[in-house]
Amino acid sequence: TFPLKLWLLVNSPCVHSVRWDPPGEGLLINQGLFERELLGVGPDAAGGVELFKTKSFGSIVRQLNLYGFHKLAVSLASSTAGSRPASSAAADTSYPDGPLHHFWNPHFRYGRPDLLVKIKRLTKANREKLDAGLEVTSRLPDDF
């Protein structure tokens, strides 16, 4: 599922375009690097495995929105982040080829893969359940 892909990407030492924000409560995505590294767009794009069925960053943002992620303003404090939440002495790994996007979801937290089951795609049926006060969850794949 899309949230599981994000979880694996943000926690992978091989992926440089998606990082945790300093408190580990959101994602920082370097659009230019993401497009080259994961969508295969641009002159120096890697020709690896296709993770997403799109080459459009806008489609990725749409998926984030459908799964309940909200875009936040990027502050100077959030523009430097490594693959793990920042400690008091975080190294400067700011992105020179931005733009940088910051997304937040209450159930997407560093060190908490158990919360991923609470992230559901906001379909019409799921919206109706939420409006009726019912809980909408999914289960993690068995191999996770």
Side-chain angles (χ1 to χ4, degrees), residues 1-41 45-95 97-144:
T1 66
F2 186 77
L4 180 57
K5 278 185 189 178
L6 282 178
W7 180 264
L8 295 174
L9 290 173
V10 75
N11 288 298
S12 170
C14 300
V15 175
H16 304 290
S17 58
V18 182
R19 295 285 177 230
W20 288 107
D21 65 4
E25 297 176 349
L27 292 172
L28 293 171
I29 302 175
N30 174 328
Q31 181 177 343
L33 187 54
F34 187 94
E35 288 172 339
R36 289 190 309 278
E37 186 177 51
L38 300 171
L39 300 180
V41 176
V49 176
E50 188 175 282
L51 293 172
F52 300 103
K53 294 179 183 178
T54 183
K55 293 198 179 296
S56 167
F57 186 75
S59 293
I60 299 299
V61 171
R62 183 174 182 274
Q63 287 295 310
L64 286 162
N65 292 330
L66 283 172
Y67 280 94
F69 284 81
H70 302 281
K71 189 168 183 178
L72 303 175
V74 177
S75 67
L76 291 176
S78 69
S79 66
T80 59
S83 60
R84 303 289 179 261
S87 63
S88 57
D92 179 14
T93 55
S94 58
Y95 301 114
D97 60 345
L100 189 65
H101 302 275
H102 191 183
F103 290 94
W104 175 86
N105 182 303
H107 304 299
F108 200 85
R109 296 283 183 261
Y110 176 75
R112 295 292 311 272
D114 57 299
L115 294 177
L116 292 176
V117 297
K118 295 182 179 230
I119 301 175
K120 279 292 274 183
R121 187 178 171 124
L122 297 176
T123 61
K124 182 180 177 185
N126 287 343
R127 281 190 191 110
E128 289 172 356
K129 286 180 184 178
L130 290 171
D131 290 344
L134 301 173
E135 185 174 351
V136 177
T137 60
S138 61
R139 67 179 191 87
L140 289 174
D142 293 333
D143 60 349
F144 183 66

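Predicted model only: the values in this text are computed from it and were never measured. In what follows, every heavy atom counts, from backbone to side chain, and hydrogens, waters and symmetry copies are set aside.
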Check against side chain to side chain contact (heavy atoms under 4.5 Å, CB included), Glu35 and Lys55: CA-CA 7 Å; Glu35 288 172 339; Lys55 293 198 179 296; over 6 Å; no
Side chain to side chain contact (heavy atoms under 4.5 Å, CB included) between Asp21 and His102, intermediate numbers included: CA-CA 8 Å; Asp21 65 4; His102 191 183; 2.9 Å; yes
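Across all non-hydrogen atoms, the minimal contact from Ile60 to Phe34 is CG1-CE2, 3.8 Å. Contact detail for Thr54 and Leu39: the closest heavy-atom pair is O-CD2, 3.4 Å. The minimum heavy-atom distance between Leu38 and Ser17, with the atom names listed, is CD1-OG, 3.6 Å. Contact between Glu25 and Arg109 at its shortest, heavy atoms only, is O-NH1, 2.9 Å. The minimum heavy-atom distance between Pro3 and Ile119, with the atom names listed, is CG-CG2, 3.5 Å. Scanning both residues, Val10 and Arg19, for their nearest heavy atoms gives CG2-C, 3.4 Å.
One N or O on the side chain of Asn105 and one on the backbone of Tyr67 form a donor-acceptor pair closer than 3.5 Å. Of the possible polar contacts, one joining the Glu37 side chain to the His16 backbone as a donor-acceptor pair under 3.5 Å is found.
No side-chain heavy atom of Phe2 sits under 4.5 Å from any side-chain heavy atom of Leu66. No side-chain heavy atom of Val15 sits under 4.5 Å from any side-chain heavy atom of Leu8.
In this structure, the separation between NE2 on His101 and CG on Leu27 is 12.5 Å, given to the nearest 0.5 Å. Rounded to the nearest 0.5 angstrom, Leu6 CG and Ile29 CD1 are separated by 6.5 Å.
With sequence neighbours left out, the ring-ring contact (aromatic ring centres under 6.0 Å, His included) criterion links Phe69 to Phe108. For the side-chain hydrogen bond (donor to acceptor under 3.5 Å, both in side chains) test, residues two or more places apart in sequence or in another chain that qualify with Arg112 are Asp114. When the ring-ring contact (aromatic ring centres under 6.0 Å, His included) test is applied to His107, no partner is found at least two apart in sequence or on another chain. With sequence neighbours excluded, no residue forms a ring-ring contact (aromatic ring centres under 6.0 Å, His included) with Phe103.
Screening residues 8-17 for salt bridge (Lys or Arg N to Asp or Glu O under 4.0 Å) gives no qualifying pairs among residues at least two apart or on separate chains.
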